[in-house]
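None of the values given here were measured: they were computed from a predicted structure. Heads up: numbering here begins at 1 and tracks the sequence.
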Amino acid sequence: MLILYSFLLLVIPGCISPTLSLDPPTTTTNRRKVDFFTFPEGKSTILPDPSNFFSPDLLSSPLPTNSFFTNLVIENGDQHEYIHPYFIKSSNSSLSLSYPSIFSNTSFTTHVFTPDINISVLNGPKPNRNHTVSSFSDLGVTLDLHPSLRFFLVRGSPFLTFQVLQNVSLSFSTVHDIRALVRNGNKTKYKIDLSNGQTWVLYSSTPIELTKKASTVTSDDFCGVIRIALLPNADEELEPVLDRFSSCYPVSGHASFRGSNSVRYRWATEGLGDLLMLANPLHLRLLDDDDSVKVVDDFKYKSIDGDLVGVVGSSWVLKTDPIPVTWYSIKGVDKEAYPEIIDALVEDVKGLDSSNMSTNSSYFYGKLVARAARLALIAEEVDHVDVIPKVIQFLKDTIEAWLDGTFAGNRFLYDKSWSGLITLQGSKHVTGDFGFGIYNDHHFHIGYYLYGIAVLAKIDPVWGRKYRPQAYSLMLDFMTLGKGPDMKYTRLRCFDLWKLHSWAAGLTEFENGRNQESTSEAVNAYYSAALMGMAYGDPHLVKVGSLLTAMEIHSTQTWWHVKEDNTLYDEDFVEANRVVGILWQSKRDSVLWFAPADQKEFRLGIQLLPILPISEILFSDKEYAKQLVEWTLPSLKRKGVGEGWKGFVYALEGVYDKEDALEKIRKLTGHDDGNSLSNMLWWIFSR
Ligand SMILES: *[C@@H]1O[C@H](CO)[C@@H](O)[C@H](O)[C@H]1NC(C)=O
Ligand SMILES: *[C@@H]1O[C@H](CO)[C@@H](O)[C@H](O)[C@H]1NC(C)=O
Ligand SMILES: *[C@@H]1O[C@H](CO)[C@@H](O)[C@H](O)[C@H]1NC(C)=O
Ligand SMILES: *[C@@H]1O[C@H](CO)[C@@H](O)[C@H](O)[C@H]1NC(C)=O
Ligand SMILES: *[C@@H]1O[C@H](CO)[C@@H](O)[C@H](O)[C@H]1NC(C)=O
Ligand SMILES: *[C@@H]1O[C@H](CO)[C@@H](O)[C@H](O)[C@H]1NC(C)=O
Ligand SMILES: *[C@@H]1O[C@H](CO)[C@@H](O)[C@H](O)[C@H]1NC(C)=O
Ligand SMILES: *[C@@H]1O[C@H](CO)[C@@H](O)[C@H](O)[C@H]1NC(C)=O
């Protein structure tokens, strides 16, 4: 246990830094260095070159691969990105700002990009390089348009803020007509009225002379800081709010974890006065009501994530109730059902054969590993330990092959360019292992292995100790907290500290930014890491895993679960959808990557699998579970619906109607590859 503490201390220097970290361990004696395990280096033929858009001094540290600014650093870097409440789109020499409208129908709801204001330089040295990311933080990114402009793109800032580094003249153009340009007395504030009804307010750190010509506003030579904000609803009563907070601007923002139930944001600022930022609906729900922040209720921007509301204060604390991370069902299994579960267990365990795995895919293989690990825990829970040795042998054979790299079909490799794991099959084709090689879906795949490792290390601690470096290396691929050149992996590869959920998408350019489909597999990843912490006696890993699990669940319930009385999304969309299929930064889709919208059982299933003790927390709202099942049931009348997918619908029905669900489950003739009859019965009899 002590060795483990020191491992975390040594591998995650961020732990000790005040802004980035977990609380430092309380036990600091007997530190012993545990070597970090690095998977063999792999050469990818498909990964983009990070040096195209990251400044050279950032290249020696791991780089984010599933970030809110990923569009800015791949392909041509010119796809727009949603930095709440605005879209920004950047070329080498100009940046467009958009306050996006929302389009909704029954198929999807999405923000629409319109270049409301396009900022560029009129004179001075010509742009000579790609735009570059000169720094990034949890809550912001700094983008340089060489050589004159530096944009501080901090999420949730009502102002777009940029620094003009050289004495140049600026151009603000628009696709709309400019109805009026009005300036205040000393030329540090201008109002720009556009023909689309928007009013933008521009503030400058020193006087600037702006002139309007057709649909362009130009400036005299200027050097200093400019801030531009949309006046919400063009409501003049809100103008004093913008005025009052126009001087203090954020340049970056950090999030740190405190214990297992709170996250703290701190922004680094410049300028005078208090900081005004915007909170999304989940922030508002979790925001700790202390004296250091003040919510400005009437000050709101529209967003696909719900209204973004003004909050004054440069440090926020977001608190959640702790959630139970347990090996077994939370309330226990009905004793009378033991014989039926044991019969299923014996059959399921009989079918385990590691010499005959039906897949080489890192995803499907992981699911088979975790499915088997469930059997061991169910056996413990229903007190039928006879089957456990065979499960353990299966887990060892299958997991070791990946940890040792001896599996002929595939393996984990370390990519030095972005600093992270890839797989052999994923290193050659963007579609290999569902894009694992371009950093897609890492938490989904690895989560399943962590579950297997956690169970194995719990039951066989000797095995656990032997493989701990490999196990931690897998976990750290997506759960490293530290930053900088000493790290092997980027900080929290998938988890978005502002949205408080994960992204799966990896390094692919998308019009709507990053996306995530399966929330339940994301929950599984952090939950499994917490279990691994329990197996290894590592309270810090338990805390971090539990906190991330809790946040992922809150976000899922906020943005994916669409209850009938939902007011966050437009009516059309709410009426037709009880759950989001793919959630993007700036879009909500009813389709899945692998199924159309009307095949609803896939949508329900992919947001429920794998079925675990934590699923009970994810679907703790019985009324919602009922709405979702009733919405799905008609889809099961189609011909050829898979037994596995039906199973998930029935499992969710079990949340509110155990008897009916049980009857249906007993009649199933098959189960999803990551599921089993044992697991289904365990679930039903623990409701
Ligand atoms: C700029 O980006 C492009 C991709 O759009 C890339 O091909 C090129 O090498 C980059 N230039 C530099 C100097 O990094
Ligand atoms: C801004 O406007 C200029 C001139 O019309 C254009 O070349 C550039 O592509 C625009 N920038 C963006 C990011 O749309
Ligand atoms: C929703 O709008 C999109 C874009 O106009 C269209 O392609 C799609 O068919 C619409 N869906 C429905 C159900 O009308
Ligand atoms: C940006 O500039 C670089 C270097 O001059 C060039 O390679 C690249 O094509 C330009 N990108 C765009 C989108 O114009
Ligand atoms: C910028 O240029 C203007 C006129 O071109 C000049 O008056 C001013 O002193 C310059 N400022 C700086 C900081 O160079
Ligand atoms: C400009 O005037 C406003 C009030 O109208 C004042 O608050 C601000 O300090 C002045 N700025 C400068 C640079 O003089
Ligand atoms: C291997 O697996 C396949 C498909 O699951 C099964 O048909 C076959 O009997 C298995 N072979 C052995 C030797 O277990
Ligand atoms: C897995 O990969 C091995 C080695 O490349 C190959 O022989 C085998 O057929 C593959 N198995 C499956 C199920 O694709």
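Take Lys43 and apply the side-chain hydrogen bond (donor to acceptor under 3.5 Å, both in side chains) test, not counting sequence neighbours, and it matches Glu41. For His443, the ring pair (Phe, Tyr, Trp, His ring centres under 6.0 Å) criterion is met by no residue, not counting sequence neighbours. For Arg687, the side-chain hydrogen bond (donor to acceptor under 3.5 Å, both in side chains) partners are Glu616, not counting sequence neighbours. Among residues two or more places apart in sequence or in another chain, the side-chain hydrogen bond (donor to acceptor under 3.5 Å, both in side chains) test is passed with Ser417 by Asp415. Partners of Tyr338 by ring pair (Phe, Tyr, Trp, His ring centres under 6.0 Å), not counting sequence neighbours: none found. When the side-chain hydrogen bond (donor to acceptor under 3.5 Å, both in side chains) test is applied to Tyr467, the partners found at least two apart in sequence or on another chain are Asp404. Listed by chain and residue number, Glu643 satisfy the salt bridge (charged side-chain N to carboxylate O under 4.0 Å, His left out) test with Lys646 (two or more places apart in sequence, or in another chain).
Taking the side chain as every heavy atom from C-beta outward, Pro339 and Asp343 never approach each other to under 4.5 Å. Taking 4.5 Å as the limit, some side-chain heavy atom of Ile341 sits within range of a side-chain heavy atom of Ile378. Between Met479 and Leu548, the closest side-chain pair of non-hydrogen atoms falls below 4.5 Å. Two residues are said to be in side-chain contact when any heavy atoms from C-beta on lie closer than 4.5 Å; Leu628 and Leu604 meet this criterion. Side-chain contact check for His554 versus Leu500: every heavy-atom pair is 4.5 Å or farther apart. Considering only heavy atoms from C-beta on, Asn675 comes within 4.5 Å of Met680 through its side chain.
With Asn410 contributing its side chain and Asn360 its backbone, the two residues share a donor-acceptor pair below 3.5 Å. Counting only distance, with no hydrogens or angles, the side chain of Ser615 and the backbone of Leu612 share a donor-acceptor pair below 3.5 Å. Panel note: side chain Glu381, backbone Ser329; a donor-acceptor pair is recorded below 3.5 Å. Side-chain atoms of Ser262 never come within 3.5 Å of backbone atoms of Lys319 as a donor-acceptor pair (strictly under, hydrogens ignored). Although no hydrogens or angles enter the test, the distance criterion places no donor-acceptor pair under 3.5 Å between the side chain of Ser419 and the main chain of Thr490. Here the side chain of Asn679 pairs a donor or acceptor atom with the backbone of Ile611 at under 3.5 angstrom. Listed for the Thr549 side chain is a donor-acceptor partner under 3.5 Å among the backbone atoms of Gly545. A donor-acceptor pair under 3.5 Å links the side-chain atoms of Asp348 to the main chain of Ser678, judged by distance alone. The backbone N or O of Phe434 lies less than 3.5 Å from no partner atom in the side chain of Thr431, so there is not a single donor-acceptor pair. A distance-only check finds a donor-acceptor pair linking the side chain of Arg603 to the backbone of Ser590 [under 3.5 Å].
Tyr489 and Tyr414 have perpendicular rings, their planes meeting at more than 60° on a 0 to 90° scale where under 30° would count as parallel.
Using modelled atom types and a 3.5 Å distance limit, the side chains of Arg493 and Thr65 yield a donor-acceptor pair. Under the 3.5 Å distance criterion, with hydrogens and angles disregarded, no donor-acceptor pair is assigned to the side chains of Thr406 and Glu400. In summary, the side chains of Tyr472 and Asp538 do present a donor paired with an acceptor at a separation below 3.5 Å, with no hydrogens or angles considered. Side chains of Ser520 and Gln607: no donor on one and acceptor on the other come within 3.5 Å. Residues Thr320 and Asn261 bring no donor and acceptor atom of their side chains to less than 3.5 Å of each other.
Applying the salt bridge (Lys or Arg N to Asp or Glu O under 4.0 Å) rule to pairs touching residues 650-663 yields Glu653-Lys664, Asp660-Lys664, sequence neighbours excluded. Sorted by first and then second residue, the salt bridge (Lys or Arg N to Asp or Glu O under 4.0 Å) pairs with a member in residues 383-394 form an empty list; sequence neighbours excluded. Pairs of residues two or more places apart, or lying in two chains, never qualify as salt bridge (Lys or Arg N to Asp or Glu O under 4.0 Å) while including a residue from residues 419-444. Sequence neighbours left out, the pairs with a member in residues 602-637 that pass ring-ring contact (aromatic ring centres under 6.0 Å, His included) are His561-Phe619, His561-Tyr624, Phe594-Phe602, Phe602-Trp645.
Annotation: Phe436 is not in aromatic contact with Phe444 [ring centroid separation under 6.0 Å not met]. Between Phe37 and Phe39, the ring center distance clears the sub-6.0 Å criterion.
Note: Ser260 OG to His540 NE2 = 11.5 Å, rounded to the nearest 0.5 Å.
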TODO: Kindly indicate, with the supporting measurements, whether the criterion side chain to side chain contact (heavy atoms under 4.5 Å, CB included) is fulfilled by Asn524 and Ile614.
DONE: CA-CA 8 Å; Asn524 173 58; Ile614 198 71; over 6 Å; no
Task: Stepwise side-chain hydrogen bond (donor to acceptor under 3.5 Å, both in side chains) check, Glu552 with Ser502 - done: CA-CA 7 Å; Glu552 194 82 41; Ser502 301; 2.7 Å; yes
Open item on the list: Evaluate Tyr526 against Cys494 for side chain to side chain contact (heavy atoms under 4.5 Å, CB included), listing each step before the verdict.
Closed with: CA-CA 11 Å; Tyr526 301 114; Cys494 305; 4.0 Å; yes
Task: Arg578 vs Glu630, salt bridge (charged side-chain N to carboxylate O under 4.0 Å, His left out): CA-CA, chis, key distance, verdict - done: CA-CA 10 Å; Arg578 283 288 71 70; Glu630 283 173 358; over 6 Å; no
TODO: Go through Asp672 and Lys367 one step at a time and tell me if the salt bridge (charged side-chain N to carboxylate O under 4.0 Å, His left out) criterion holds.
DONE: CA-CA 10 Å; Asp672 179 62; Lys367 284 182 80 175; 3.0 Å; yes
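Among all heavy-atom pairs drawn from Val391 and Ala376, the shortest one is CG1-CB, 3.8 Å.
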Show which side-chain atoms of residues 446-460 pair as donor or acceptor with protein atoms under 3.5 Å away, not counting sequence neighbours.
| residue | atom | partner | partner atom | Å |
| --- | --- | --- | --- | --- |
| Tyr448 | OH | Glu521 | OE2 | 2.6 |
| Tyr449 | OH | Ser362 | O | 2.8 |
| Tyr449 | OH | Gly366 | N | 3.4 |
| Tyr451 | OH | Arg374 | NH1 | 2.8 |
| Lys458 | NZ | Tyr328 | OH | 3.1 |
| Lys458 | NZ | Glu380 | OE1 | 2.7 |
| Lys458 | NZ | Glu380 | OE2 | 3.4 |
| Asp460 | OD1 | Val462 | N | 3.3 |
| Asp460 | OD1 | Trp463 | N | 3.1 |
| Asp460 | OD2 | Lys396 | NZ | 2.7 |

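The existence of a salt bridge linking Glu623 and Lys626 is excluded, since no basic side-chain nitrogen approaches an acidic carboxylate oxygen closer than 4.0 Å. With respect to Asp673 and Arg371, no salt bridge is recorded, no charged nitrogen being found less than 4.0 Å from a carboxylate O. Salt bridge status for Arg514 with Asp496: absent, with no side-chain N to carboxylate O gap under 4.0 Å.
Of the residues listed (Trp560, Trp559, Trp593, Trp503), the one engaging Trp584 in a ring-ring contact (aromatic ring centres under 6.0 Å, His included) is Trp593, and it is the only one.
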